[in-house]
Amino acid sequence: MNLHGIFAPITTPFAAGGETLALDRVKQNLAVYNKTRLAGYAVCGSTGEAILLTWEETDRLFAAVAENNTAHKLLIAGTGVESTPETIVRTKRAAQLGYNAALVRTPHYYKPAMTHAALLDYYRRVADASPIPILVYSIPQFTGVEVPGELVASLAEHPNICGIKESWGKLNVVKDIIAAAPKRFQTLVGAASIVEPSLKLGAVGAILGVAVIAPDYCAELYDAARAGESAKAEELQTKLTPVSQKCVSELGVAGVKFALDTLGQAGGHYKDFYGGPTRSPLLPLTAAQQADVRSVLSTIDRAAVK
């Protein structure tokens, strides 16, 4: 399983009010993404509001993306939930639909009980049962659960645990993980601000919220970094980071979705983008926040996100 490249953690489109899925909009957005140099898509991740979906909705979304992946991009399914048996059910279903790997978030509700032993048991059970490779999903800013290098070293011993998405955004954590894991274990980062230095350390790619907004720009950054064009890569990352900081880190899913709508309304290559509403309890952006998104989007060279 080669997970090199940039993956977009695509949003989940809802109809007005956020109460029902708008699966026609999945097809609409994928028609744009399929023409980009993205390596693939992560479905039902944090940017996809996975935590707010029912299993029936998740299953329908998995199927819709698989059906409309006409460019045959790699598909990563967000299957991790609190229960080990339920995570296995979801992972097997994703495999049936043709997904290439499963992104499994650390369980976290019973945080004091989520010891290294508990996490190791959880991931090993899922990996044993999964027909597809498993990516550990570490996002401590949401879960409060860390996956340090020593735990990664143990997880990487399992032949069906192929890598990790490390979304904390701390370069020293990425460095520790890469140092602890065997060469076959693939590290992907989830923070746009550290893509270039992470690739230098040995990361193989990234799953970036900002790639939902600027897929071509992110792919260009990756290509420059992999080609050793450090000056170009650093320049692209410097331009990209404020967009990621504002639309993804600060404003979250609502920021990403509003950015998609803004780009769609602007016409051009991204004229078919649809963001739409978030699902409650996530709130829409205020007028001031909308203005902030428009402002930061205007700083991106449109030639780079054509």
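Values reported hereafter were calculated over all heavy atoms of this structure, with side chains retained and with hydrogens, waters and symmetry mates removed.
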Taking it one step at a time, do Val104 and Leu135 satisfy side-chain contact (heavy atoms from CB on, under 4.5 Å)?
CA-CA 6 Å; Val104 181; Leu135 265 175; over 6 Å; no

Answer whether the closest heavy-atom distance between the side chains of Val195 and Val189 falls below 4.5 Å.
yes

Test side-chain contact (heavy atoms from CB on, under 4.5 Å) on Val293 and Gln289; report intermediate values, then the result.
CA-CA 6 Å; Val293 170; Gln289 290 170 331; 5.8 Å; no

Side-chain touch Glu86/Thr79, heavy atoms, less than 4.5 angstrom:
no

Within a radius of less than 6.0 Å around NZ of Lys111, do more than 12 heavy atoms belonging to other residues, nucleotides or ligands occur?
yes

Tell me, with the steps shown, if Leu283 and Thr278 meet side-chain contact (heavy atoms from CB on, under 4.5 Å).
CA-CA 7 Å; Leu283 294 175; Thr278 53; over 6 Å; no

Smallest heavy-atom separation, Leu120 atom then Ser154 atom, equals CD1-CB, 3.8 Å

List the atom of Ile207, the atom of Ala42, and the distance in Å for their closest heavy-atom pair.
CG2-CB, 3.9 Å

Gap between atom NZ of Lys232 and atom CG of Asp223 - 0.5 Å precision
8.0 Å

Quick note, ring pair (Phe, Tyr, Trp, His ring centres under 6.0 Å) partners involving residues 94-138, not counting sequence neighbours, are Phe62-Tyr99

Considering only residues two or more places apart or on different chains, which pairs with a residue in residues 60-70 satisfy side chain to side chain donor-acceptor pair (under 3.5 Å)?
Asn34-Thr70

Would you say the ring centroid of Tyr33 lies under 6.0 angstrom from that of Phe273?
yes

Taking all heavy atoms of Pro277 and all of Gly18, pick out the closest pair and write down the distance.
CG-N, 3.8 Å

Does this structure show an ion pair linking Asp121 with Arg125, if we count only N-O contacts that are shorter than 4.0 Å?
yes

Using side-chain heavy atoms (C-beta onward) and a distance below 4.5 Å, is Pro281 in contact with Leu52?
yes

Could you state the interatomic distance from NZ (Lys73) to CG (Asn100), rounded to the nearest 0.5 Å?
13.0 Å

Answer whether the closest heavy-atom distance between the side chains of Cys162 and Ile134 falls below 4.5 Å.
no

Residues in side-chain hydrogen bond (donor to acceptor under 3.5 Å, both in side chains) contact with Arg279, at least two apart in sequence or another chain
Glu57

Rounded distance (nearest 0.5 Å) linking atom CG of Asn160 with atom CD1 of Ile132
8.5 Å

To the nearest 0.5 Å, atom CG of Leu155 lies from atom CD1 of Ile161 at 5.0 Å

If we only count heavy atoms from C-beta on, is the Gln141 to Ile139 side-chain gap below 4.5 Å?
yes

Residues in side-chain hydrogen bond (donor to acceptor under 3.5 Å, both in side chains) with Glu157, at least two apart?
none

Does Val89 belong to the same Ile/Leu/Val/Met/Phe/Trp/Tyr cluster as Leu75, with side-chain heavy atoms less than 4.5 Å apart forming each link?
no

When rounded to the nearest 0.5 Å, the distance separating OG1 of Thr299 from NZ of Lys239 is 9.0 Å

Flag side-chain contact, heavy atom, 4.5 Å: Asp272 against Asn29:
no

When every non-hydrogen atom of Leu221 is compared with those of Ala233, the smallest separation belongs to CD1-O, 3.1 Å

Mind checking what makes side-chain contact (heavy atoms from CB on, under 4.5 Å) contact with Ala153, not counting sequence neighbours?
Ala180

Out of curiosity, does Val81 fall in the hydrophobic cluster containing Leu61 (side-chain heavy atoms, cut-off under 4.5 Å, transitive links)?
no

hydrophobic_cluster_shared for Ile76 and Val248, side chain cutoff 4.5 Å:
no

Begin with the C-alpha distance, continue with both residues' side-chain angles, and end with the deciding distance and a verdict on side-chain contact (heavy atoms from CB on, under 4.5 Å) for Ser244 and Leu208.
CA-CA 9 Å; Ser244 179; Leu208 301 176; over 6 Å; no

Pro140 and Val145, any side-chain heavy atoms less than 4.5 Å apart:
no

Salt bridge (charged side-chain N to carboxylate O under 4.0 Å, His left out) partners of Glu250, counting only residues at least two apart
Lys246

Decide whether Val256 and Leu103 are clustered together by the hydrophobic rule: side chain heavy atoms of Ile, Leu, Val, Met, Phe, Trp, Tyr closer than 4.5 Å, transitively.
no

Mind checking what makes side-chain contact (heavy atoms from CB on, under 4.5 Å) contact with Lys200, not counting sequence neighbours?
Glu196, Ser230, Glu234

What are the two closest non-hydrogen atoms of Thr241 and Ser193, and how far apart are they?
OG1-CA, 3.7 Å

By side-chain hydrogen bond (donor to acceptor under 3.5 Å, both in side chains), which residues pair with Gln245, not counting sequence neighbours?
none

Are the side chain of Ser198 and the backbone of Ile194 linked by a donor-acceptor contact shorter than 3.5 Å?
yes

Side-chain donor-acceptor contacts of residues 2-12 below 3.5 Å, not counting sequence neighbours, with atom names and distances?
| unit_1 | atom_1 | unit_2 | atom_2 | d |
| --- | --- | --- | --- | --- |
| Asn2 | OD1 | His4 | N | 2.9 |
| His4 | ND1 | Arg226 | NH2 | 3.4 |
| Thr12 | OG1 | Gly48 | O | 2.6 |

Gln290: side-chain contact (heavy atoms from CB on, under 4.5 Å) partners, not counting sequence neighbours
Phe258, Leu285, Arg294

If hydrophobic clusters are built by linking Ile, Leu, Val, Met, Phe, Trp and Tyr wherever their side-chain heavy atoms come under 4.5 Å apart, do Val253 and Val210 end up in the same one?
no

Polar side-chain atom of Tyr274 near backbone of Lys257 as donor-acceptor pair, under 3.5 Å:
no

Tightest non-hydrogen contact, residues Ile213 and Ala259, listed as CD1-CB, 3.7 Å

Who passes side-chain hydrogen bond (donor to acceptor under 3.5 Å, both in side chains) against Asp59, sequence neighbours left out?
Arg93

I need the Leu260 CG to Gln265 CD distance, nearest 0.5 Å.
11.0 Å

Would you check if the side chain of Ser130 reaches a backbone N or O of Pro133 as a donor-acceptor pair within less than 3.5 Å?
no

Please examine the side chains of Ile300 and Tyr217, heavy atoms only from C-beta on, and report whether any two atoms are closer than 4.5 Å.
yes

Which pairs of donor and acceptor atoms, one on a side chain in residues 163-179, lie under 3.5 Å apart (sequence neighbours left out)?
| unit_1 | atom_1 | unit_2 | atom_2 | d |
| --- | --- | --- | --- | --- |
| Glu166 | OE1 | Ser138 | OG | 3.2 |
| Glu166 | OE2 | Trp168 | N | 2.8 |

